[in-house]
Amino acid sequence: MKRAMIYIAGFLGVALVGTFALAMTTRAGYESAEYKVIQSDNSFEVREYPDLMLVATDSKMDSQGRDGSFMRLFQYISGANEAEQKIAMTTPVFMEGEIGESDVSMGFVMPKDVAAKGAPDPKGEGVKLRERKGGRFAVVRFPGKLDSKLAKEKETELREWMKSQGLEGEESAEAAGYDPPFTPAALRRNEILVRLKTSVEETKKGDSESSSETAQDS
């Protein structure tokens with residue numbers, strides 16, 4: 001009996017390690033949206049994102065993509081576009097809208113090379129291309145099955161951290177998921193992001209740097 005328990009425990013341990021390795025390998029196999037970490041505090045970060053091109057569609061957050069939204073976007077990258085072009089899957093999948101509410105916009109990030117050349121127009125109904133404007137975001141990272149309840153809880157934690165750091169953000173937030181549906185909840189990488197408001201001083205500094213770069217180029 002004791003030996004059997006040891007075998008079972010060993011099997012479960014190997015299975016857990018295998019599942020973890022598969023999840024990490026699957027995630028690492030995708031191109032991920034680039035960002036620069038400005039500040040890090042355990043599960044909280046401040047990041048700088050560039051402009052990103054998304055292909056997006058309306059979704060219900062708690063549906064986990066089972067309302068057809070995921071498949072509409074998957075069909076687009078599988079060739080349901082004007083160029084009949086197959087486009088690589090990327091991470092994360094963004095869920096933009098009022099966190100805690102059902103109606104959101106689900107978006108796939110276009111790979112850098114596709115965005116640079118110009119992403120083809122969608123053929124599918126309810127699917128559109130749009131730009132996600134870059135900037136600085138406060139972010140919290142966490143595991144679990146991402147639904148509206150968990151997202152709202154994590155947004156509250158993030159805003160409390162932002163307050164402690166003297167950071168002011170926009171009223172809306174967005175969610176991001178990095179893993180395919182078969183990934184166990186405990187191994188998933190989820191995030192809530194809040195866009196930070198730009199101060200007048202930062203805006204002036206950015207304009208000054210931009211003017212300086214333009215002058216150097218000319």
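What you see below is based on every heavy atom in this structure, not just the backbone, and it leaves out hydrogens, waters and symmetry mates. Heads up: numbering here begins at 1 and tracks the sequence.
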Asks: Which heavy atom of A186 sits nearest a heavy atom of P143, and at what distance?
Replies: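 In this case the closest contact between A186 and P143 is O-CB, 3.5 Å.
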Asks: Roughly how far apart are E155 CD and L193 CG, rounded to 0.5 Å?
Replies: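 So the gap between those two atoms works out to 11.0 Å.
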Asks: Compare all side-chain heavy atoms of L150 with those of E153 and state whether any distance is below 4.5 angstrom.
Replies: yes
Asks: Checking side chain to side chain contact (heavy atoms under 4.5 Å, CB included) between I77 and each of I87, V114, T90, which is the one that passes?
Replies: I87
Asks: Under the side-chain hydrogen bond (donor to acceptor under 3.5 Å, both in side chains) rule, collect the residues that match up with E168, sequence neighbours excluded.
Replies: K197
Asks: Under the ring-ring contact (aromatic ring centres under 6.0 Å, His included) rule, what pairs show up with a residue in residues 69-96, not counting sequence neighbours?
Replies: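 Output for this query lists F70-F108.
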Asks: Looking at E82 and P120, what are the two nearest heavy atoms and their distance?
Replies: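 That would be N-CB, 4.4 Å.
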Asks: Between R189 (side chain only) and A176 (backbone N and O only), is there a donor and an acceptor less than 3.5 Å apart?
Replies: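 Not a single qualifying donor-acceptor pair exists.
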Asks: Can you list the residues that meet the side-chain contact (heavy atoms from CB on, under 4.5 Å) rule with E171, with sequence neighbours excluded?
Replies: none
Asks: Among all residues two or more places apart in sequence or in another chain, which pass the side-chain hydrogen bond (donor to acceptor under 3.5 Å, both in side chains) test with Q39?
Replies: Q165
Asks: Can you list everything that forms a side-chain contact (heavy atoms from CB on, under 4.5 Å) with S40? Sequence neighbours excluded, please.
Replies: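 With sequence neighbours excluded, S40 shows a side-chain contact (heavy atoms from CB on, under 4.5 Å) to V37, E45, given in chain and number order.
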Asks: Would you say D67's side chain and K60's backbone share a donor-acceptor pair under 3.5 angstrom?
Replies: yes
Asks: Looking only at heavy atoms, what is the nearest atom pair of A175 and I192, with distance?
Replies: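 Shortest heavy-atom separation between A175 and I192 comes out as CB-CD1, 3.8 Å.
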Asks: Is the shortest side-chain heavy-atom distance between L196 and M162 below 4.5 Å?
Replies: yes
Asks: I'd like to know whether NZ of K123 has more than 12 heavy-atom contacts from other residues, nucleotides or ligands below 6.0 angstrom.
Replies: yes
Asks: Which residues satisfy the side-chain hydrogen bond (donor to acceptor under 3.5 Å, both in side chains) test with S32, sequence neighbours excluded?
Replies: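 If we apply the side-chain hydrogen bond (donor to acceptor under 3.5 Å, both in side chains) test to S32, skipping adjacent residues, the hits are T91.
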Asks: Salt bridge (charged side-chain N to carboxylate O under 4.0 Å, His left out) with E157: which residues, sequence neighbours excluded?
Replies: K154
Asks: Mind checking what makes side-chain hydrogen bond (donor to acceptor under 3.5 Å, both in side chains) contact with Q85, not counting sequence neighbours?
Replies: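 Testing Q85 for side-chain hydrogen bond (donor to acceptor under 3.5 Å, both in side chains), a comparison that skips the adjacent residues, returns none.
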Asks: Under the rule for ring pair (Phe, Tyr, Trp, His ring centres under 6.0 Å), what residues qualify as partners of F44, not counting sequence neighbours?
Replies: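 Checked F44 against ring pair (Phe, Tyr, Trp, His ring centres under 6.0 Å); matches are W161.
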Asks: Taking the six-membered ring of F137, is the NZ or CZ of R132 close enough (under 6.0 Å from the centre) and on axis enough (within 45°)?
Replies: yes
Asks: On a heavy-atom basis, which atom in M53 and which in A115 lie closest, and how many Å separate them?
Replies: CB-CB, 4.0 Å
Asks: Can you list every pair that meets salt bridge (charged side-chain N to carboxylate O under 4.0 Å, His left out) and has a residue in residues 104-114, with sequence neighbours left out?
Replies: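 As it turns out, the salt bridge (charged side-chain N to carboxylate O under 4.0 Å, His left out) pairs with a partner in residues 104-114, which skip direct neighbours, are E34-K112.
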Asks: List the atom of R130, the atom of S105, and the distance in Å for their closest heavy-atom pair.
Replies: NH2-OG, 3.7 Å
Asks: Sequence neighbours excluded, which residues qualify as side-chain contact (heavy atoms from CB on, under 4.5 Å) partners of N190?
Replies: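 In terms of side-chain contact (heavy atoms from CB on, under 4.5 Å), with neighbours along the sequence ignored, N190 is linked to F142, L146, R188.
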Asks: What is the minimum heavy-atom distance between A33 and L52, and which atoms define it?
Replies: CB-CD1, 3.9 Å
Asks: Please list all pairs meeting side chain to side chain donor-acceptor pair (under 3.5 Å) that have one or both residues in residues 48-57, counting only residues at least two apart or in different chains.
Replies: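 Qualifying pairs: R47-Y49, E48-R136, T57-R72.
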Asks: Distance from L54 atom CG to M106 atom CE, nearest 0.5 Å?
Replies: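 With rounding to 0.5 Å, CG (L54) is 12.0 Å from CE (M106).
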Asks: To the nearest 0.5 Å, how far apart are OG in S78 and CE in M89?
Replies: 10.0 Å
